[in-house]
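Note that ligands are numbered from 1 as they come in the structure, with each ligand's atoms numbered from 1 the same way.
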Amino acid sequence: MKTQVAIIGAGPSGLLLSQLLHRRGIASVVLEKRSRAHVMGRIRAGVLEQGMVDLLREAGVAARLEREALIHEGIDIAFAGRRRRIDLAGLTGGAHVTIYGQTEVTKDLFEARDAMEGIVIDEAEAVTPQGVDTAAPFVTFTKDGRTHCVECDFVAGCDGYHGVSRTVIPPAMLKVFERVYPLGWLGLLSETPPIADELIYVSHERGFALCSLRSPTRSRYYLQCRTDEDVTQWPDDRFWAELKRRLPEDVAGHLVMGPAIEKSVAPLRSVVAEPLRHGRLFLAGDAAHIVPPTGAKGLNLAASDIHYLSQGLIAYYQNGDEAGLTGYSQRALRRIWKAERFSWWMTNLLHTFPDDDGFTRGIRRAELDYLVNSKAAMTVLAENYVGLPYE
Ligand code: APR
Ligand code: PHB
């Protein structure tokens, strides 16, 4: 098999890249380890920045989003038994976020790839990028017991945090920065109307909580928990009771409870790998960086990486201009570190940590109090939450 760009991973990063390239006449083959059903069944976040929505539009996959997504112009921060609204639109000159699940984004991308007869090979085993530091890279994989080879000009490593792409870069040429938090999030999805029209981020002495949603009939809630928390110890009743205890009274009464459709624990960590290029291999999305979910930046960062990378590849194929590819890593990393900073800050602000002492708790209380009473501080939050520009 021969193509221009071999893409490893059919998550949002890989599918979006292949779709954007296709629309500019650039061929790609996407190789995915898991089955398509598995990829489409994963429950992930659902808050999209405007930059990502624009990119989905450019990729021609925003029709259903435009019909079904919800526009949010604010979020609530709750602490000390009270809720305070952060007026995202008012503080940013009219910006908003779009509520639309990553699961739906992935579904729309798969449908678009199918409609354009894009090649997405799932259940590809032992996917291995090779010769990426030569002029003729290739990717081998096995499928149905047979070994295949994709020859290409470039390899895009879009295979997530546990992918193979990052591991083929010699350790001496890659720096990985990591922060592991002693916290997890226990998430529950239910077919119940959301507790409120907008998201509520809750700082509580029993731990952080988040009320989110997917649609007017589907809710997503999270509770801060231990990293090794056992989901089976959390029957629905226990989850709902704990959530209620962490919510301010005025809103707790509105909680509509119902059976969980999905429940899972995710550990919180921050990771950045540098640089994002090794020869003809480019890393994008979770393959290159992880953020804790507190600011809803993971999916949005994947989108901005793909914006920069697709621009680099398009300029290269259209006019032989290599500047975008040469500058990709530096350009993407500037935005990545800012989102890392924001997610790290929001995580520290809203969670309780096992080794917190009285001083730390006092500082955190003061910062929350300052935040919701200072237009300057709220503007900093709002500007980052709606998404920094694609520079
Ligand atoms: N070979 C082929 N595919 C692989 C391999 C491999 N060795 N390892 C992993 N994959 C696949 C995974 O099965 C997954 O479908 O790569 C895909 C990576 O997708 P994601 O993990 O979703 O990463 P990405 O596309 O970068 O999406 C951005 O942002 O909000 C966060 O974690 C959230 O998934 C989201 C991410
Ligand atoms: C979600 O809806 O899953 C969600 C929303 C906001 C976050 C994280 C997750 O910060």
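Those atoms of ligand 2 with a heavy atom of Y222 less than 4.0 angstrom away are 1 (C), 3 (O), 4 (C), 9 (C). The atoms of ligand 1 that sit less than 4.0 Å from any heavy atom of L31 are 2 (C), 3 (N). Annotation for ligand 1: atoms under 4.0 Å from non-hydrogen atoms of L299 are 29 (O), 30 (O), 31 (C). The contact set between ligand 2 and A296, taken as ligand atoms under 4.0 Å from a residue heavy atom, comprises 6 (C), 7 (C), 10 (O). Close approach of ligand 1 to V164 is summarised as follows: ligand atoms under 4.0 Å from at least one heavy atom of the residue are 7 (N). Near L199, the atoms of ligand 2 lying under 4.0 angstrom from a non-hydrogen atom of the residue are 5 (C), 6 (C). Those atoms of ligand 2 that come under 4.0 Å of a heavy atom in Y201, given as number and element, are 6 (C), 7 (C), 10 (O). Of all atoms in ligand 1, listed by their number and element, those nearer than 4.0 Å to a heavy atom of G163 are 8 (N). Those atoms of ligand 2 with a heavy atom of T294 less than 4.0 angstrom away are 10 (O). Within ligand 2, the atoms closer than 4.0 Å to a non-hydrogen atom of V47 are 5 (C), 6 (C), numbered from 1 in the order shown.
Sparse packing is recorded around CG of D197, with 12 or fewer heavy atoms of other residues, nucleotides or ligands lying under 6.0 Å away. By the 6.0 Å contact criterion, NZ on K338 is enclosed, its count of non-hydrogen atoms from other residues, nucleotides or ligands being greater than 12. Within a 6.0 Å sphere centred on CZ of R57, heavy atoms belonging to other residues, nucleotides or ligands number more than 12.
The nearest heavy-atom contact from the protein to atom 8 (C) of ligand 2 is P293 O, 3.2 Å. The protein heavy-atom contact nearest to atom 2 (O) of ligand 2 is S212 OG, 2.6 Å.
For atom 15 (O) of ligand 1, the candidate residues are R34, R36, E32; the nearest heavy-atom contact is made by E32.
By the 3.5 Å distance cut-off applied to N or O atoms, H162 is not counted among the residues near ligand 1.
Under the 3.5 Å distance criterion, the side-chain polar atoms of Q4 are matched with a main-chain donor or acceptor of A27. Panel note: side chain D356, backbone T352; no donor-acceptor pair is recorded below 3.5 Å.
For the pair Q102 and ligand 1, a heavy-atom separation below 4.0 Å is found. For the pair C158 and ligand 1, a heavy-atom separation below 4.0 Å is found. The closest approach between any non-hydrogen atom of M346 and ligand 2 is not below 4.0 Å. Not a single heavy atom of H38 lies less than 4.0 angstrom from ligand 1. Distances from ligand 2 to the non-hydrogen atoms of Y221 include no value under 4.0 Å. Heavy-atom distances between I43 and ligand 2 stay at or above 4.0 Å for every pair. Not a single heavy atom of A124 sits less than 4.0 Å from an atom of ligand 1.
Residue V127 touches ligand 1 through its side chain alone, judged by heavy-atom distances below 4.0 Å. Of the heavy atoms in S13, both backbone and side-chain atoms come closer than 4.0 Å to ligand 1. Residue-level proximity to ligand 1 for I8 is carried by the side chain, the only part with a heavy atom below 4.0 angstrom. With a 4.0 Å heavy-atom cut-off, ligand 1 is reached by the backbone of K33 and by its side chain too.
Counting only N and O atoms by type, the side chains of Q50 and T98 include no donor and acceptor under 3.5 Å apart.
Screening R238, K244, R246 for a salt bridge (charged side-chain N to carboxylate O under 4.0 Å, His left out) involving E242 leaves a single residue, R246.
Counting heavy atoms from C-beta on, the side chains of I121 and V30 never come closer than 4.5 Å.
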